[in-house]
Visitor: 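Can you read through this structure? Questions will come right after.
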There are 2 protein chains.
Amino acid sequence: MLLVVFLPSFWYNFLMKERDTNTGFKPIAPRKIYQYILEQFVHLVSTGALQPGDKIPSERELAESFAVSRPSVREALRVLEIIGLIDIQPGGGAYLKEMELGPFISVVAPLLFSREQFDIELLELRELIEIRAIELLPAKMSQEALEPLALAITEMRRALQEDDTEAGALADIEFHRSLLLASESFILQKVLELIVSLFEHAVRGGRSLVLEKHEDAAQLLADHEGIYQALLDNNYALAKTLLASHLQMVKVLHAQDSAK
Amino acid sequence: MLLVVFLPSFWYNFLMKERDTNTGFKPIAPRKIYQYILEQFVHLVSTGALQPGDKIPSERELAESFAVSRPSVREALRVLEIIGLIDIQPGGGAYLKEMELGPFISVVAPLLFSREQFDIELLELRELIEIRAIELLPAKMSQEALEPLALAITEMRRALQEDDTEAGALADIEFHRSLLLASESFILQKVLELIVSLFEHAVRGGRSLVLEKHEDAAQLLADHEGIYQALLDNNYALAKTLLASHLQMVKVLHAQDSAK
DNA sequence: CCTGTCAACTGGTATTACCAGTTATATAAG
DNA sequence: CTTATATAACTGGTAATACCAGTTGACAGG
């Protein structure tokens, strides 16, 4: 029993903590004020009491309503801004919007891209999501849902003719985004939105996830047109195959790009 | 041309914005101080200059180093806390940790679960991810990588015998998490971590994404054992099939649960 | 009717102060 | 000399206040 006397304080604390849980006591994590404010906001949004577009009262008003100081309110608003739930205009005010993952991604992106192989894994995840999305299409596909695809194609064709690389890349992204939108799966849309945000930040970071060579862009366009036509013909099996090989090619091109 | 006069302000603003871009001017978005601080932190982490476990200087020191006020530093730390990059101990200090999606999810979860069909879509995404993960296994599977799976199984068996529902659910999650870990795909791991976090919050929100009936739990355990055995035998095709039907059953059980 | 000015907002930042925890050191008791 | 306690020096959390800079809208002058 003498050993107990010499236990370092770390172990002492650890054992005491253990004893507490054994007696049914759970550690108390003091909640911060901004978390209470956050909670109320999120609750109002999730119940629909606050709609996108609504203006949020000024920080001073909120501080008074919640009976807290302005810094506490600001911390809550900061979090809402990062998760992309509000838009803050200095001098203007804060407005609710549909949740967007962009702001969050813009913070996290550098951390992710510092990983080895991350861009390849990202492409593979995109492949997984998009192919799944096209599998979900047949049940509820309508003619109007295909329109955005057609728009994205014509835009990409225009960009190609005018050699507008940036517009072409945007139209490329838009095509795939529209494809996901048609799937009507909220969560798949959000995941792809996340992937797309990462792509955009990768480009800004100097990585070539977007193709710039003319012939490559032409091939992408041709692929898109093939997929679109297959969807028009209600030939979903073909569309799926074409999409798969399309994404496969993107992966190969990217691998070549990274190699050189 | 008279029509132009009657354009709603929305369109006027839109056109003005368009004109600006046409003339080559881009809107100026003033950056806030906390963003600069964030940037420096993220950069230090992504380059490895700051490692998980490192202690971050106190807010007052940081404020002095950056030559800004403490509130600005606090806003940056608040964001780092939400994206799960640091752990803040009141009275203690702030410590870097491996990035975790938990804190972010805990804020966003209520927003997502207010969507119709979200839990079903979540299960389907999980299915997609896990099956993909098992496809990635064969190339680099080692015997030691399977150990966590065995541990999770014995733990679940113990929980089942003692009728410890909570421990059983945790062991269930742990089994699937280990499976993902073995895939060595960083991004798939992160996506599953995200899904698991959502599951946990769903449970707290009173939703029954975790099964509580004894016979169901027994079936889950049996499935896990089957998958584990298949992996031991290097029979990956069988493991994949078993996992697919396992997840299918989970979906069915959940659907029954929601119905009643 | 157009236009420029001014006043009343807004959020962004800084400063200061105090409270409540933690940690480490020093001091007193054994 | 060891141990335990108390004190002092941290830490982050919150508050109150002030000022700056940008936006907005109303009002007065052209």
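The basis for the numbers below is simple: all heavy atoms, side chains too, and nothing from hydrogens, waters or symmetry mates. Because the structure is predicted, anything quoted here is derived from the model rather than measured. Reminder, nothing fancy here: chain letters follow the sequence lines and each chain counts from 1.
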Visitor: Quick one: does NZ or CZ of A:Arg78 land under 6.0 Å from the six-membered ring centre of A:Tyr34, within 45 degrees of the ring axis?
Guide: no

Visitor: Could you list the donor-acceptor pairs under 3.5 angstrom formed between side-chain atoms of residues 95-103 of chain A and any protein atom two or more places apart in sequence or on another chain?
Guide:
residue : atom : partner  : partner atom : Å
A:Glu98 : OE2  : B:Arg115 : NH2          : 2.9

Visitor: Could you tell me which residues satisfy salt bridge (Lys or Arg N to Asp or Glu O under 4.0 Å) with A:Arg74, sequence neighbours excluded, listed by chain and number?
Guide: A:Glu59, B:Glu75

Visitor: Going 5' to 3' through nucleotides 12-17 of chain C, assign each nucleotide B (protein heavy atom under 4.0 Å from a base atom), S (under 4.0 Å only from sugar-phosphate atoms) or - (no protein heavy atom that close).
Guide: BBBB-B

Visitor: Base, sugar-phosphate, or nothing for A:Gln35, non-hydrogen atoms under 4.0 angstrom?
Guide: nothing

Visitor: Would you list the atom pairs, donor with acceptor, under 3.5 Å between side chains in residues 82-90 of chain B and any protein atom, with sequence neighbours excluded?
Guide:
none

Visitor: Given atom CG of A:Leu77 and atom C1' of C:dG11, what is their separation to the nearest angstrom?
Guide: 10 Å

Visitor: Any side-chain to backbone donor/acceptor pair from A:Glu64 onto A:Glu61? Under 3.5 Å, distance only.
Guide: no

Visitor: What residues form a salt bridge (Lys or Arg N to Asp or Glu O under 4.0 Å) with A:Arg157, not counting sequence neighbours?
Guide: A:Glu225

Visitor: May I have the distance from A:Leu62 (atom CG) to C:dG11 (atom C1'), rounded to whole angstrom?
Guide: 12 Å

Visitor: Exactly one of A:Leu123, A:Leu111, A:Leu198 should register a side chain to side chain contact (heavy atoms under 4.5 Å, CB included) with A:Phe118. Which one does?
Guide: A:Leu198

Visitor: Write down the distance between CD (A:Glu64) and P (C:dG11), rounded to a whole number of angstrom.
Guide: 14 Å

Visitor: Near DNA chain C, which residues from residues 93-104 of chain B have a heavy atom under 4.0 Å away?
Guide: none

Visitor: Say whether, by atom type as modelled, one donor and one acceptor occur between the side chain of A:Ser178 and the main chain of A:Glu174 under 3.5 angstrom.
Guide: yes

